[in-house]
Amino acid sequence: MIEISLNNIKKSYGFKNILDGLSIEIKTGEKVSLIGENGCGKSTILNIISSLENIDSGVVSIRKNSTIGYLTQQPEIKYKEKLVKEILYESENNILKAEVILKRYEEKMSNDPNNIDIINKYLKAQENFMNIGGYEINTRIEKISHGLNIDYLMDNEFSLLSGGEQKRVLLASLIIKKPTILLLDEPTNHLDISTLEWLEDYLNRYNGTIIVVSHDRYFLDKVTTKTILIENGKEIVFHGNYSKYLEENELRIEKEFKEYKDQQKMISAMKKKIKQLEEFGRLAYPMGEQFFRRAENIRKRLERIDIKSKPMEKSSLPINFKFDKRSGKDALVINKLDLSIDDKILIKNINLKVNYSDKICIIGNNGCGKTTLIKEIINNKNNNIKIGSNVKIGYIPQQIVFEKDETVLDYSRKYFYGEESHLRSALDKFHFYGENVFKKISKLSGGEKVRLKLFALIQDKCNFIILDEPTNHIDIYTKETLEDALKDFNGTLLFASHDRYFINKLANKILYINDNRVTEYSGNYDYFIEHNML
């Protein structure tokens, strides 16, 4: 059964066509991912399905009686003074009211335990609560709020929560309602690994249709079974998860290049034949009419050919981490280090040796101390931390803050050795085109700030790179370029990340922070999962 049908959809913003004849069919119960470069129209498609945006032309069909739940990338804050509990019970308001009555009679019974009238009213209230499914719904909401790690927020005012907490609450509220169509735009932002694992398991068992936009490739592999690439305003459908898409898309591009080159050869041969026949016709004058007729026939055939466009090659960032001098064997040694913030103990008795060329990932739930540990290493003021000989550290923090409100060009000039024309050319390759180099750093997006930091890091030629959540704010293609560059990096790498696909590609060791201690595993994320259950 077709749940959603988009037929020949066209949508433009001003002079720019975002969707140009896009057609998609999604069946009931399918779990689909939309992928493509930033700005290709993924969120626009979700907005169109949810009727938040109109189309210029085409037909949108949604199965009758379907209900749509939509988690936008930047959720609109519509709840001002509501408590988290009220939001989660929004679709079950009668349960909350019945529970208030039940608790009122419980208090009266505790004050007057022998009052038969109160007991009878309590039993009646309890029967009503059971009949409307109160206990089952409570259990379900408790399970979801615990899984998304918001159970401790129940009595908090929604507007006072952090952005990450608000998004988790809205996600919980959405799946509690059980819509038949679930639209999720970057649902994994602000989730730590254990919460991600829970969400994946929940969505795999979800009895409904799911369309998801995400940069989390591990999540896409776990949840989706159909991948739709949005390219040039149109769709390319792949039956399988993200990893399957990578395999099939590579074959598709190879095939398209071959078909394009074969057609170009054929066109070139036809043009050459036309020229040759016309030359024969001129030489055979006045008897060369037959040559001109044959040339004209070939020309007409050439005009009828549907010329294939040259397949687009994505321009990846020229990320290449090189250094002049390697460090000593022991790049970093930590002995009996305790970490705390104010009176809160984060990690006890850290003992760690990082060897030259190690690629180590630090994982753990939010707030466990990953960033604090990294900052302690960067500060290098603790006697329990020893930086090795000839170590030159390059660092990109999770929250990128620039010291001054300078332009991209001003900042880059401090790291680049060479003429300004060469610097402008280098920045162009990092997608800071033309006049964009004069853009104030304070006006850059999260992804642009990461690109600028990467540019500076490359110029510094460090042999020890430390990264805190480096894949936040960057698209899939930039992640893959960064992965390849770090894989080829011959120096030492220490990074904290929730991006399990990224971890799998790079890490040869895992440092797992849990219950105030660090446990080391030799291997990548999949190895860690095999030997430890989160």
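Heads up: numbering here begins at 1 and tracks the sequence. Remember, predicted model here, so these are calculated numbers, not experimental data. Heavy-atom basis, side chains included; hydrogens, waters and symmetry copies ignored.
A donor and an acceptor atom, one from each side chain of Asp192 and His498, are nowhere located under 3.5 Å apart. Counted by atom type alone, Asp185 and Ser43 present one or more donor-acceptor pairs between their side chains at under 3.5 Å. Of the N and O atoms on the side chains of Asp484 and Thr481, not one donor lies less than 3.5 Å from an acceptor on the other residue. Counted by atom type alone, Lys143 and Thr139 present zero donor-acceptor pairs between their side chains at under 3.5 Å. Inspection of the Asn241 and Ser243 side chains reveals no N or O donor paired with an N or O acceptor under 3.5 Å.
Across every non-hydrogen atom of Ile87 and Ser173, the tightest pair is O-OG, 3.6 Å. Considering all non-hydrogen atoms of both residues, Leu506 and Lys487 come closest at CD2-N, 3.6 Å. Scanning both residues, Asn490 and Ser357, for their nearest heavy atoms gives O-CB, 3.8 Å. In plain terms, the two heavy atoms of Ser497 and Ile193 that are nearest each other are O-CD1, 4.1 Å. When all heavy atoms of Ile441 and Val408 are compared, the closest pair comes out as CG1-N, 4.1 Å.
No donor-acceptor pair closer than 3.5 Å links the side chain of Glu248 to the backbone N or O of Tyr245. At least one donor-acceptor pair under 3.5 Å links the side chain of Gln166 to the backbone N or O of Phe158. A distance-only check finds no donor-acceptor pair linking the side chain of Arg217 to the backbone of Tyr501 [under 3.5 Å]. Distance alone, capped at 3.5 Å, is enough to place a donor-acceptor pair between the Ser145 side chain and the Ile141 backbone. The backbone N or O of Tyr477 sits nowhere less than 3.5 Å from a side-chain atom of Glu480 that would complete a donor-acceptor pair. Formation of a donor-acceptor pair under 3.5 Å by the Asn436 side chain with backbone atoms of His431 is not found in this model. No side-chain donor-acceptor contact under 3.5 Å links Thr478 to the backbone of Ile474. Side-chain N or O atoms of Lys42 include one that pairs as donor or acceptor with a backbone N or O of Glu37 at under 3.5 Å. At least one donor-acceptor pair under 3.5 Å links the side chain of Ser50 to the backbone N or O of Asn47. Judged by distance alone, the side chain of Asp499 and the main-chain N or O of Thr471 form no donor-acceptor pair under 3.5 Å.
Side-chain contact between Leu220 and Thr227: absent, with no pair of heavy atoms (C-beta onward) separated by less than 4.5 Å. With a 4.5 Å cut-off on side-chain heavy atoms, Leu337 and Leu373 count as touching. Glu165 has its side chain within reach of Leu153: a pair of non-hydrogen atoms, C-beta onward, lies under 4.5 Å apart. Counting only heavy atoms from C-beta outward, the side chains of Ile465 and Ile396 never approach each other to under 4.5 Å. With a 4.5 Å cut-off on side-chain heavy atoms, Leu184 and Val213 do not count as touching.
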Passes side-chain hydrogen bond (donor to acceptor under 3.5 Å, both in side chains), Asp468 versus Thr371? Steps please.
CA-CA 7 Å; Asp468 193 354; Thr371 295; 2.7 Å; yes

Could you go through the side-chain hydrogen bond (donor to acceptor under 3.5 Å, both in side chains) check for Asn149 and Thr195 one step at a time?
CA-CA 7 Å; Asn149 192 26; Thr195 311; 5.1 Å; no

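Sorted by first and then second residue, the pairs that involve residues 431-446 and meet salt bridge (charged side-chain N to carboxylate O under 4.0 Å, His left out), not counting sequence neighbours, are Lys439-Glu448. The stretch residues 504-514 participates, sequence neighbours left out, in these salt bridge (charged side-chain N to carboxylate O under 4.0 Å, His left out) pairs: Asp358-Lys509, Glu483-Lys505, Lys509-Glu520. Applying the ring-ring contact (aromatic ring centres under 6.0 Å, His included) test to pairs two or more places apart or on separate chains, those with a residue in residues 200-225 are Trp198-Tyr202, Tyr218-Tyr525. Residue pairs meeting the salt bridge (charged side-chain N to carboxylate O under 4.0 Å, His left out) criterion with at least one partner in residues 368-381, sequence neighbours excluded, do not occur; the list is empty. Sorted by first and then second residue, the pairs that involve residues 406-421 and meet salt bridge (charged side-chain N to carboxylate O under 4.0 Å, His left out), not counting sequence neighbours, are Glu406-Lys414, Asp410-Arg413, Arg413-Glu420.
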Expected list for residues 342-351: side-chain donor-acceptor pairs under 3.5 angstrom, two or more places apart:
residue: Asn349; atom: OD1; partner: Asn351; partner atom: ND2; Å: 3.3
residue: Asn351; atom: OD1; partner: Lys336; partner atom: N; Å: 2.9
residue: Asn351; atom: ND2; partner: Asn349; partner atom: O; Å: 3.3

Please list every donor-acceptor pair under 3.5 Å in which a side-chain atom of residues 323-335 meets a protein atom from a residue at least two apart or in another chain.
none

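For Arg424, there are no salt bridge (charged side-chain N to carboxylate O under 4.0 Å, His left out) partners, not counting sequence neighbours. Checked against salt bridge (charged side-chain N to carboxylate O under 4.0 Å, His left out), Glu30 has the following partners two or more places apart in sequence or in another chain: Lys226. Take Asp216 and apply the salt bridge (charged side-chain N to carboxylate O under 4.0 Å, His left out) test, not counting sequence neighbours, and it matches Arg500. Listed by chain and number, the residues in a ring-ring contact (aromatic ring centres under 6.0 Å, His included) with Tyr527 are His531 (sequence neighbours excluded). Partners of Tyr411 by ring-ring contact (aromatic ring centres under 6.0 Å, His included), not counting sequence neighbours, listed by chain and number: Phe402, Tyr415.
In this structure, Phe416 and Phe455 have parallel ring planes: the angle between them is below the 30° cut-off, well short of the 60° mark.
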